[in-house]
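By convention in this document, chain letters (A, B, ...) are assigned in the order of the sequence lines, proteins followed by strands, and residues within each chain are numbered from 1. Atoms considered below: every heavy atom in the structure, side chains included; atoms not considered: hydrogens, waters and symmetry mates.
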Amino acid sequence: MPELPEVECFARDLRKCVKGRMIEAVQLSFTGMLRGVAPEEFGSMLTGKVFQDVQRRGKYLFFYLSGELVWEVHLRMTGYFLFYPAPAVTDKHTRALFILQGTNNLQFQDIRKFGTFRLWQKEDFHTAPSMQRGIDPLEDVFNLHVFQGLLYRRSKRSLKYLLLDQSVIAGLGNIYCDEALFRARLHPARKVGDLTKDEIKRLFDAVLGVLQEGIRLRGTSVSDYRDIWGKKGHFQDFLRVYRRKNKPCFLCGETITREVIAGRGTHYCPRCQNH
DNA sequence: CTCCGTGCCTGTGAGC
DNA sequence: TGCTCACAGGCACGGA
């Protein structure tokens, strides 16, 4: 499932590949991802437009197009983009095909059809919830002081619930959340208000650490995630708790636990991450 | 404010 | 071995 590091890889790779290219045609084989725009309108709005930039915020991907248009994408669980030479090789999971000027096509794949597309005019793009909600942890404004501020008035929450709340920090999903809590040696059910100053610092460092390492290792391919060339990431080889139920902790040898916390499957080491 | 349940989907794999 | 069915989870929404 694409979380911040995977979406960042998409943004960086796509920026290099599509910038300056024109969309010659749009073919939708599924239209359920469209939000607030009819299929014909979506096609006609994008056709003829030129990619000017690709950006990311939280788990959202933004294609800046000519004509003051922003195409917003959320990949949700199984969405991803493929970029490869024409002619396009599509399969049953291909939901949209973008014929680009030149020799390459852009393809949107989404097994479970949870992904969403939205269009914004550049002038009111700043009002988009994807741009307003939560703080992106990789933006310069995110520092320890800001992080401490986010904890204020949320003292009764569990850490798991806090980190997954996109209106607080935008970008963490289940994998990087569990890994960050392990790094910080904090139990996922701990309450925000119980943290000491040192623990808050540890959590802050852990969140930034796992995200940066995730990007450096080009994402986590535990199930469907592939980059735009179809290649797997490597962070799955360095997971310390996620999907390691009943396996020994790399630090202490204790058996990794999986239990539902804040409604999510949550993995942790009961010894390293004690209450 | 907190947190649960539901719906949206389909591939996977645990368990019979 | 073959089948069924619960589960996986990001997010929006409704409700306790």
Q) If you find the nucleotide of DNA chain B closest to A:Arg76 and the one closest to A:Ser158, which residue's nucleotide is nearer the 5' end? A)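 Nearest nucleotide further toward 5': that of A:Ser158.
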At 4.0 Å (heavy atoms only), tell me whether [X] reaches a base, stays on the sugar-phosphate, or touches nothing.
X	result
A:Arg264	base
A:Met77	base
A:Tyr242	sugar-phosphate
A:Lys160	nothing

(Q) Apply side-chain hydrogen bond (donor to acceptor under 3.5 Å, both in side chains) to residues A:Asp198 and A:Thr196 and explain how you reach the verdict. (A) CA-CA 5 Å; A:Asp198 176 60; A:Thr196 65; 5.0 Å; no
Measure [atom1]/[X] against [atom2]/[N] and give the value in whole Å, please.
X	N	atom1	atom2	answer
A:Arg133	C:dC11	CZ	P	8 Å
A:Met33	C:dC11	CE	C1'	17 Å
A:Arg57	C:dG10	CZ	P	18 Å
A:Asn174	C:dG10	CG	P	5 Å
A:Lys156	B:dC1	NZ	P	12 Å

Q: Classify the side-chain pair A:Thr220/A:Gln236 by whether it contains a donor and acceptor separated by less than 3.5 Å.
A: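 No donor-acceptor contact under 3.5 Å links the two side chains.
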**Q.** Under the salt bridge (charged side-chain N to carboxylate O under 4.0 Å, His left out) test, residues paired with A:Arg183 that sit two or more places apart
**A.**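 Expected list: A:Glu213.
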Q) Hey, what bend do you get for the helix from B:dT2-C:dA16 to B:dC16-C:dG2 if you fit axes on five pairs at each end, rounded to 10°? A)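 Taking the rotation axis at each end, their angle is 60°.
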Q | Residue pairs, two or more places apart or on separate chains, that pass ring-ring contact (aromatic ring centres under 6.0 Å, His included) and touch residues 82-105 of chain A | A |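 The answer is A:Trp71-A:Phe98.
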Q: If a pair satisfies salt bridge (Lys or Arg N to Asp or Glu O under 4.0 Å) and one of its residues is in residues 236-264 of chain A, list it, with sequence neighbours excluded.
A: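 Output for this query lists A:Glu254-A:Arg271.
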Q: Take the angle between the ring planes of A:Phe63 and A:Phe81 and call it parallel below 30°, perpendicular above 60°, tilted in between.
A: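 Geometry flag for A:Phe81 against A:Phe63: perpendicular rings.
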Q. Nucleotide by nucleotide, 5' to 3', does protein get under 4.0 Å of the base (B), only the sugar-phosphate (S), or neither (-) in nucleotides 9-16 of chain B, counting heavy atoms?
A. BBS-----
Q.
If the condition is ring-ring contact (aromatic ring centres under 6.0 Å, His included), which residues does A:Tyr80 pass it with, not counting sequence neighbours?
A.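 With neighbours one apart ignored, the set is empty.
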